[in-house]
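Note: hydrogens, waters and symmetry copies are ignored here, and every other heavy atom, side chains too, is used. Proteins get letters first, then strands, A, B, ... in listed order; numbering begins at 1 in each.
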Amino acid sequence: MRFSRGFLPTLKEAPAEAEVVSHKLMVRSGMIRRLAAGVYTLLPLGVRVQRKVEQILREELNRADAQEVFLPALNPAELWRKTGRWEVYGKELIRLKDRHERDFCLGPTHEEVITDLVAREVRSYRDLPLNLYQIQTKFRDEIRPRFGVMRGREFTMKDGYSFDRDEAGAEQSYEEMVQAYTRIFQRCGLKFSAVEADSGAIGGSFSHEFMVMADTGEEAITVCDSCGYAANVEKSPVSLKLPENEGGELKKVHTPGAHSIEEVAEFFSLPPYRMVKTLLYIADDEPVAAMIPGHRELNEVKLKNALDAVDIELADAETVEKLTNSEVGFAGPVGLSDVRLVADYTIENSEGLIVGANQTDYHYTGAREGRDFTAGIFADLTVAQEGDACPKCEARLSIRRGIEVGHVFKLGCKYSESLDATYQDENGETHTIVMGCYGIGVGRTVAAAIEQNHDEDGIIWPTPIAPYHVDIIPVRVDDETMQVCDHIYDSLETAGLDVALDDRDERPGVKFKDADLIGFPYKAVIGPRGLKEGKIEIKSRRTGETQLVAISESVTFLENLVSEEMKFDS
RNA sequence: CGGGGCGUAGCGCAGCCUGGUAGCGCGCCUGCUUCGGGAGCAGGAGGUCGGAGGUUCAAAUCCUCUCGCCCCGACCA
């Protein structure tokens, strides 16, 4: 690629809308431009990087015996109605009607379409196992798109699905995909970890997220440095051991103005864990009171799972006042009628608790679960915190941040059942196919790579996903210099490297700055200083090291550098 | 959807409070001098001030409505 013919609009300043580094650098380096909120155009540089990631995906998935398909983005509603997700998916699903007023949606994921396909085509155990994937544009009308390509409403995703005859086979497919994903992210030059996760709206029994470690990540992860356990905080189990309280009688106490746990704790001069935090939620249109120890935060994902609810939402002030007959801040389980009670397991049979009295400015002391109130469900309901015990080895957990670039699920039979995907075994008996599903956000992976690989001058691409391996920079644009440049350019291309030549009639400083911003792993600087001795300079973007190399040897030299960095064995 | 903020030249911003000529830096075009880390000088192009209504002799500026964008929360690759 010659710069004089390229479309590389670089910017000195980042647009005001960009918040995180990857977004700023992708815009500044000319990889992307915004068309609407969460909708981006990929410019040539962006396309090149994305294609490189896609190529790695294909190589590793094909190696794992998965095959590529291409499913329609435009999906008929009937399929989604069969699985119930037409209703469940909510506003995130982009719905539209055709000219005959028939309902369609734009696929946010493709379990329905792929399962329908497999249900139609697969009959026999001989057809299994089967693993199919695609790289496709997905549509999700996110409530809040943000961080550029990191959370878009239209984005490129690799989604794959495995089909097995039984649980054991599904487990093996799952393992194979974990292996493939590990190789993929290693090859992309990312520092990541596979983390236990909640399976969310996709459904299913078990899942791992692939998290790229970055301080700007949207996800919090609990990590155990002593045994290697890692989980999304949403999922991370909490096993609290609270000191036993003294029992006693239920007593109503006037606590004027004490709304928050802190205020109540101060009023009684007792530690916050003696209080019970009662939060009112609306779970699938039904009011629910969730109780947790006062010093902790409620984990909504855990609550949703404990209730087996489709949707939960914190009740608004008006609802709270109606349910508790008091101002917000005095909700408690005692005497709360027509509301389901769910409690953290620490509250079961616990006594000496301080709870809201459902009366403005009053609390109960000495409350006891099972005597003064009875919760219907007990579960782990709190958010894991720094210093909590590791569920595997009891060591202290720390909290890190990460970007979710991939997610693998064991789906079980959720979709195969509703779409009737079955096979016949050796004995002619019919069984339901067991599924797994596996996603990688392609653009997100690119953005995550930038979050992890940049400095104040710009991007520092890991060589395997760099748009070009080498940027040839003539210091002067005269015949003599350009002749050498052209020669090296042609030779490198012949050698199979991806090479750029900055043949613009610009001052060297401009070219250096652009090269650093775009993040080419190597610059080949060709100027009078070196040419006097028949040499050129090769500078590494990552280390900043410069080496003088004879023109005649430069091609082999660069070839070796690049192929060394492309190498991957495991 | 709830809370906060912003829309003025391609990009970054000032001007608005206190109505009266639309301005700065970068980028872009021309010429000359330069040329090893975003050059200097001179000249130039580019704006229905997001849109619609209103107040006024007069609106970027005041009022109303509307559209778009960004940040914090629920969603997720």
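Put simply, CG on Asp505(A) is 13 Å from P on rC35(B), counting in whole angstrom units. For the pair Arg476(A) CZ and rU34(B) P, the computed distance is 11 Å after rounding to whole Å. The CD1 atom of Ile518(A) sits 17 Å away from the P atom of rG38(B) (whole-angstrom rounding). Here the C1' atom of nucleotide rA77(B) and the CZ atom of Phe192(A) are 16 Å apart, to the nearest Å. Atom CZ of Arg140(A) is separated from atom P of rA74(B) by 17 Å (rounded to the nearest Å). Between the CD1 atom of Ile143(A) and the P atom of rA77(B) there is a distance of 14 Å, given to the nearest Å. Here the C1' atom of nucleotide rC1(B) and the NZ atom of Lys91(A) are 7 Å apart, to the nearest Å. We find that CZ of Arg507(A) is positioned 12 Å from P of rU34(B), with the value rounded to whole Å.
Remark: rA60(B) base-pairs with no nucleotide in the shown strands. Criterion, Watson-Crick or G-U wobble with two distances under 3.5 Å. With a cut-off of 3.5 Å on both Watson-Crick or G-U wobble distances, the partner of rC1(B) is given as rG73(B). Under the Watson-Crick and G-U wobble criteria, each requiring two contacts below 3.5 Å, nucleotide rU55(B) is left unpaired. Under the Watson-Crick or G-U wobble criterion, with both distances below 3.5 Å, rC35(B) is left unpaired in every strand shown. Pairing partner, rC28(B): rG44(B), with both Watson-Crick or wobble hydrogen-bond distances short of 3.5 Å.
Heavy atoms of Gly458(A) sit nowhere under 4.0 angstrom from any nucleic acid atom. Residue Gly527(A) is classed as a base contact, given a heavy-atom separation below 4.0 Å to a base. Within the 4.0 angstrom heavy-atom criterion, base atoms lie near Asp514(A). Within 4.0 Å of Val475(A), counting heavy atoms only, lies at least one base atom of the nucleic acid. Heavy atoms of Val442(A) sit nowhere under 4.0 angstrom from any nucleic acid atom. Within 4.0 Å of Gly152(A), counting heavy atoms only, lies at least one base atom of the nucleic acid. In this structure, Glu17(A) reaches the sugar-phosphate backbone alone: every heavy-atom distance under 4.0 Å involves primed, P, OP1 or OP2 atoms, never a base. Contact annotation for Arg28(A): base contact, defined as any heavy-atom pair under 4.0 Å involving a base atom. Residue contacts for Pro108(A): at a heavy-atom cut-off of 4.0 Å it reaches no nucleic acid atom on any strand shown. Looking at heavy-atom distances under 4.0 Å, Glu219(A) makes contact with a base.
With both ends at atom C1', the span from rG50(B) to rA42(B) equals 36 Å, rounded to whole Å. For the P atoms, the distance from rU55(B) to rC70(B) is 35 Å, rounded to whole Å. rU61(B) and rC17(B) have their P atoms separated by 9 Å, given to the nearest Å. A gap of 40 Å separates the P atoms of rC69(B) and rC41(B), to the nearest Å. Using atom P as the reference point in both rU30(B) and rA14(B), the two lie 32 Å apart (nearest Å). Rounded to the nearest Å, the gap between the C1' atom of rG68(B) and that of rU21(B) is 30 Å.
Picking from rG38(B), rA77(B), rA74(B) the nucleotide with the shortest atom distance to the side chain of Phe409(A) gives rA77(B). Side-chain proximity of Arg151(A) to the nucleotides rC71(B), rG36(B), rA77(B) is greatest for rA77(B). Taking every side-chain heavy atom of Ala16(A) into account, rC13(B) is the closest of rC13(B), rC69(B), rG36(B). Side-chain proximity of Pro528(A) to rG36(B), rC69(B), rG38(B): nearest is rG36(B). Considering only the side chain of Glu92(A), rC75(B) comes nearest among rG36(B), rA39(B), rC75(B). For Glu537(A), whose side chain is taken as the heavy atoms from C-beta onward, the closest listed nucleotide among rG37(B), rC75(B), rG36(B) is rG36(B). For Phe147(A), taking side-chain heavy atoms from C-beta onward, the closest of the listed nucleotides rC71(B), rC70(B), rA77(B) is rC71(B). Of the candidate nucleotides rC11(B), rA77(B), rU34(B), rC11(B) has the atom nearest to the side chain of Pro15(A). Residue Glu19(A) places its side chain closer to rC71(B) than to any other of rC71(B), rC76(B), rA74(B).
Between Tyr89(A) and Trp80(A), the ring planes are perpendicular. Angles over 60° get that label, and only those under 30° would be called parallel. Between Tyr174(A) and Tyr438(A), the ring planes lie tilted relative to each other; the angle falls in the 30° to 60° range. Using bins of under 30°, 30° to 60° and over 60° for the plane-to-plane angle, the ring pair Phe185(A)/Tyr181(A) lands in the perpendicular bin.
Between Val301(A) and Lys513(A), the residue anchored nearer the 5' end of RNA chain B, judged by the nucleotide with its closest heavy atom, is Lys513(A). The residue among His23(A) and Leu517(A) whose nearest nucleotide of RNA chain B is located toward the 5' end is Leu517(A).
Looking only at atom types and distance, the side chain of Gln50(A) has a donor-acceptor partner in the side chain of Thr156(A) under 3.5 Å away. A donor and an acceptor atom, one from each side chain of Thr382(A) and Asn299(A), are nowhere located under 3.5 Å apart. Residues Asn232(A) and Glu219(A) bring a donor and an acceptor atom of their side chains to less than 3.5 Å of each other.
In Glu68(A), the CD atom is crowded: over 12 heavy atoms of neighbouring residues, nucleotides or ligands sit closer than 6.0 Å. At most 12 non-hydrogen atoms from other residues, nucleotides or ligands lie less than 6.0 angstrom from CG of Asp285(A). More than 12 heavy atoms of other shown residues, nucleotides or ligands fall within 6.0 angstrom of atom CD in Glu386(A).
The shortest distance between the side-chain N/O atoms of Arg146(A) and the OP1/OP2 oxygens of rC75(B) is not below 4.0 Å. An OP1 or OP2 oxygen of rG36(B) is reached within less than 4.0 angstrom by no side-chain nitrogen or oxygen of Arg529(A). Contact annotation: Arg34(A) does not reach the phosphate of rG68(B) (side-chain N/O to OP1 or OP2, under 4.0 Å).
Not a single donor-acceptor pair, N or O on each side, falls under 3.5 Å between the base of rG36(B) and the side chain of Lys539(A). Residue side chain Arg144(A) does not reach the base of rC75(B) through any donor-acceptor N/O pair under 3.5 Å, judged by distance alone.
Side-chain N or O atoms of Arg140(A) include one that pairs as donor or acceptor with a backbone N or O of Pro108(A) at under 3.5 Å.
Contacts of Pro462(A) classified as side chain to side chain contact (heavy atoms under 4.5 Å, CB included), with partners at least two apart in sequence or in another chain: Asn453(A), Pro464(A), Ile465(A), Arg542(A). Considering only residues two or more places apart in sequence or on other chains, Glu321(A) meets the side chain to side chain contact (heavy atoms under 4.5 Å, CB included) condition with Val328(A).
Here Phe512(A) does not lie in a stacked arrangement on the base of rG36(B), lacking the combination of planes under 30° and ring centres under 5.5 Å apart.
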Could I get a table of every N or O pair under 3.5 Å where one atom is in the protein and the other is in nucleotides 26-33 of chain B?
residue	atom	partner	partner atom	Å
rC26(B)	O3'	Lys12(A)	NZ	3.3
rG27(B)	OP1	Lys12(A)	NZ	3.4

